[in-house]
Amino acid sequence: MIDLKQLRENPAQFQTRLNLKGEYNLAPLLSLDQQQRELEVKRSQLQARSNEIGKLVGQKMKGNPQDPEIPGLRDEGNQVKAQLAELEPKERDLKAEIETILLTLPNLPDESTPVGKDEDENVEVDRWGDEYLPTNPNILPHWEIGEKMGILNFERSTKVAQSRFVSLIGKGAALERALIQFMLDRQIAAGYVEVLPPILINTQSLTASGQLPKFADESFKCDRDDLWLTPTAEVPITNFYRDEILNAEELPIYHCAYTPCFRREAGSYGRDTRGLIRLHQFNKVELFKFVRPETSFDELETIRRDAEAILQALKLPYRVLALCTGDLGFASAKTYDLEVWLPSSGKYREISSCSNCTDFQARRANIRFKEAGKKGTQFVHTLNGSGLAIGRTMAAILENYQQPDGTIQIPEALRPYLGRETL
RNA sequence: GGAGAGGUGGCAGAGUGGUCGAAUGCGCUCGACUUGAAAUCGAGUGUACCGAAAGGUACCGAGGGUUCGAAUCCCUCCCUCUCCGCCA
């Protein structure tokens with residue numbers, strides 16, 4: 001959520017920065033805000049008088065219940081109440097309207113985010129591992145080799161659930177578990193505290209992290225219970241500290257979390273219909289940070305390095321993109337995407353996204369911190385990054401490590417976790 | 001799912017219609033005493049909004065109602081705990 005107070009002070013600046021993300025008209029919001037504030041002044045003056053009358057009546061009742069001034073005060077009290085009864089609903093409606101609009105406005109892009117209108121204008125800032133690009137000219141797509149080996153099964157999963165679901169069998173399942181364990185171990189060693197959170201989350205949680213109201217169609221919902229299937233561990237972890245005031249000394253807080261993730265993938269019906277790239281359910285190890293505002297852009301660099309470290313350890317070739325303003329996510333001020341080389345696509349494909357959401361989620365989730373001895377509170381900054389998407393990592397391994405004889409080599413770093421060198 | 005109890009400040013806990021943002025204790029901060037510490041004593045100690053300030057307003061799980069006035073009474077909802085039932 002953007003800061004209404006700051007918006008009020010620099011509307012032109014906000015408008016300019018928002019326009020880098022899309023089309024937004026702030027004029028109605030500003031007008032509603034002004035009306036609301038005028039009403040609020042009137043209302044609180046009336047309430048002050050009402051409180052005063054209440055106290056006066058109380059005093060007089062205590063002295064002499066027959067005091068002749070009491071009926072007059074009561075009358076005035078009733079009049080004030082009648083006026084309040086008119087103002088209050090108006091103000092409440094205005095506030096609700098303002099809130100509704102605020103919840104649909106995205107975070108402002110940071111000045112270091114490259115300006116551009118869509119993914120074609122993202123900027124490659126780094127590339128790693130050219131020497132590990134596969135030389136095998138006959139690589140089968142991961143879904144073909146996987147089904148051939150009997151470690152992936154899509155057809156039966158469609159029967160059990162729907163299209164875009166997969167089952168992992170035997171060594172496939174073991175590889176998935178090994179990847180989860182490997183990634184968690186690495187990130188825990190890097191200083192992240194593991195959390196295994198609830199996978200079903202309520203509407204308020206999704207709103208706080210920014211998935212709702214805008215992306216309701218993207219999430220699976222359990223209608224009877226006001227619970228949704230988590231689309232990313234970012235949501236439960238953000239909300240872990242919702243409505244809390246943290247001590248400054250507690251920051252930064254680093255968490256990592258393995259969760260399955262569920263996405264409806266509405267509107268992507270033609271894309272990536274085969275394989276592990278775009279499923280309704282996939283596993284992910286997520287990195288998450290709650291930090292002091294002045295450190296968040298440095299923290300973004302380190303969260304990105306922590307995600308990159310996994311790809312490097314697995315010797316998977318990848319590149320790093322700085323997303324341009326037009327391609328930036330709703331809650332993000334700055335995002336790096338890590339893209340792994342995927343031979344079946346003949347290009348790099350997203351495997352991690354690392355974002356600095358600045359105070360955007362903290363405002364929605366009301367997560368603040370207090371400096372000892374200082375007055376007031378500040379919003380924390382939140383960052384998240386995949387470290388990494390497991391299914392896509394599996395796909396990258398099945399392809400990049402595919403040998404001419406059709407076997408899959410296991411990346412060295414992973415061997416202790418799997419207890420074998422090839423699949 | 002059934003029956004009962006309950007939700008008050010960092011914690012514990014009082015408050016059943018009147019000057020209650022809320023006693024008291026603990027904790028915490030500052031000060032005094034002390035060589036130092038403990039103990040003791042004194043002062044302070046929620047959040048947000050409006051305001052240059054003085055000050056004002058809101059918040060006692062949430063929402064509504066009664067009243068001049070609600071933490072306190074009424075209604076609805078949510079959550080927690082205990083017992084019973086069912087179940088992985």
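Atoms considered below: every heavy atom in the structure, side chains included; atoms not considered: hydrogens, waters and symmetry mates. Here is the naming used below: chain letters follow the sequence lines, and residue numbers restart at 1 for every chain. Being a predicted model, the structure only gives us computed values, none of them experimental.
- With hydrogens and angles left out, the side-chain atoms of A/Asn107 and A/Thr358 include a donor and acceptor closer than 3.5 Å.
- Residue-to-nucleotide proximity on RNA chain B shows that, of A/Arg37 and A/Leu56, the 5′-proximal contact is made by A/Leu56.
- A 3.5 Å limit on both hydrogen-bonding distances identifies B/U80 as the Watson-Crick or G-U partner of B/A5.
- Pair assignment for B/A14: none, as no Watson-Crick or G-U wobble contacts are both less than 3.5 Å.
- We find that CG of A/Leu246 is positioned 13 Å from P of B/G10, with the value rounded to whole Å.
- Judged as a side-chain hydrogen bond (donor to acceptor under 3.5 Å, both in side chains), the pairs with a partner in residues 391-400 of chain A (not counting sequence neighbours) are, in order, A/His142-A/Glu399, A/Ser344-A/Glu399.
- Between B/A48 and A/Thr377, a contact under 4.0 Å exists linking OP1 or OP2 to a side-chain N or O.
- Using a 4.0 Å heavy-atom distance criterion, A/Arg8 is classed as a sugar-phosphate-only contact.
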Show the atom names and distances, to 0.1 Å, of all donor-acceptor pairs under 3.5 Å that link a side chain in residues 175-185 of chain A to residues at least two apart or in another chain.
from: A/Glu176; atom 1: OE2; to: A/Asn283; atom 2: ND2; distance (Å): 2.7
from: A/Asp185; atom 1: OD2; to: A/Tyr417; atom 2: OH; distance (Å): 2.8

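- Across B/G9 and B/U24, the matching C1' atoms stand 13 Å from one another, rounded to whole Å.
- If you check B/C60 for Watson-Crick or wobble pairing at under 3.5 angstrom, you find it has no partner at all.
- With both ends at atom P, the span from B/A12 to B/U82 equals 16 Å, rounded to whole Å.
- Across every strand in view, B/C28 sits in a pair with B/G44 that passes the Watson-Crick or G-U test at under 3.5 angstrom.
- A salt bridge does not link A/Arg263 with A/Glu218: every distance from a Lys NZ or Arg NE/NH1/NH2 to an Asp or Glu carboxylate oxygen is 4.0 Å or more.
- Residue A/Lys42 contributes atom NZ, which lies 18 Å from atom C1' of B/G51 at whole-angstrom precision.
- With both pairing distances under 3.5 Å, B/C33 is matched to nothing as a Watson-Crick or G-U wobble pair.
- Remark: the separation of the P atoms in B/G6 and B/A88 is 34 Å, to the nearest Å.
- Put simply, CG on A/Leu46 is 19 Å from P on B/C50, counting in whole angstrom units.
- In this structure, A/Ile245 places its CD1 atom 13 Å from P of B/G9, rounding to the nearest Å.
- B/A32 and B/A39 have their C1' atoms separated by 14 Å, given to the nearest Å.
- Rounded to the nearest Å, the gap between the C1' atom of B/A52 and that of B/U34 is 46 Å.
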Could you go through residues 61-71 of chain A and list every donor-acceptor pair under 3.5 Å that involves a side-chain atom there, pairing it with any protein atom two or more places apart or in another chain?
from: A/Asn64; atom 1: OD1; to: A/Gln66; atom 2: N; distance (Å): 2.8
from: A/Asp67; atom 1: OD1; to: A/Glu69; atom 2: N; distance (Å): 2.8

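- In this structure, B/A53 makes no Watson-Crick or G-U wobble pair, since no nucleotide meets both defining distances under 3.5 angstrom.
- Separating the CD atom of A/Glu91 from the C1' atom of B/C50 is a distance of 11 Å, rounded to the nearest angstrom.
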Exercise for the section: Using a 4.0 Å heavy-atom cut-off, write out nucleotides 53-69 of chain B from 5' to 3' as B (base contacted by protein), S (sugar-phosphate only) or - (no contact). Expected result: ---SSS-----S--BBS
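- In this structure, the CD atom of A/Glu38 is 16 Å from the C1' atom of B/G51, given to the nearest Å.
- For B/A5 and B/C86, the C1' atoms lie 23 Å apart once the distance is rounded to whole Å.
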Exercise answer: donor-acceptor pairs, residues 99-106 of chain A side-chain atoms, under 3.5 Å, sequence neighbours excluded:
from: A/Thr100; atom 1: OG1; to: A/Ala96; atom 2: O; distance (Å): 2.8
from: A/Thr104; atom 1: OG1; to: A/Ile101; atom 2: O; distance (Å): 2.7

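- A salt bridge links A/Glu308 to A/Arg305: one of the charged nitrogens lies within less than 4.0 Å of a carboxylate oxygen.
- Between B/A54 and B/U45, the two P atoms lie 15 Å apart (nearest whole Å).
- Atom CD1 in A/Ile367 sits about 18 Å away from atom P in B/U47, given to the nearest Å.
- A salt bridge does not link A/Lys117 with A/Asp327: none of the charged nitrogens is closer than 4.0 Å to a carboxylate oxygen.
- For A/Arg43 and A/Glu86, the salt-bridge test fails: no basic side-chain N is under 4.0 Å from an acidic carboxylate O.
- Salt bridge annotation for A/Glu38-A/Lys42: absent, with no cationic side-chain nitrogen under 4.0 angstrom from a carboxylate oxygen.
- Checking B/U66 for Watson-Crick or G-U wobble geometry (two distances, each under 3.5 Å) identifies no partner in any strand.
- A donor atom on one side chain and an acceptor atom on the other are not found under 3.5 Å apart for A/Glu286 and A/Tyr258.
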Expected rows: protein N/O vs nucleotides 76-81 of chain B N/O, under 3.5 Å:
none

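- Separating the CG atom of A/Asp67 from the C1' atom of B/G18 is a distance of 15 Å, rounded to the nearest angstrom.
- At B/G46, none of the side-chain N or O atoms of A/Lys370 fall inside 4.0 Å of OP1 or OP2 (strictly under the cut-off).
- The same atom, P, is picked in B/A71 and in B/A58; the two are 10 Å apart, to the nearest Å.
- In this structure, a donor-acceptor pair under 3.5 Å is present between the side chains of A/Lys289 and A/Thr302.
- Both distances falling under 3.5 Å, in either a Watson-Crick or a G-U wobble arrangement, occur for no nucleotide opposite B/A22.
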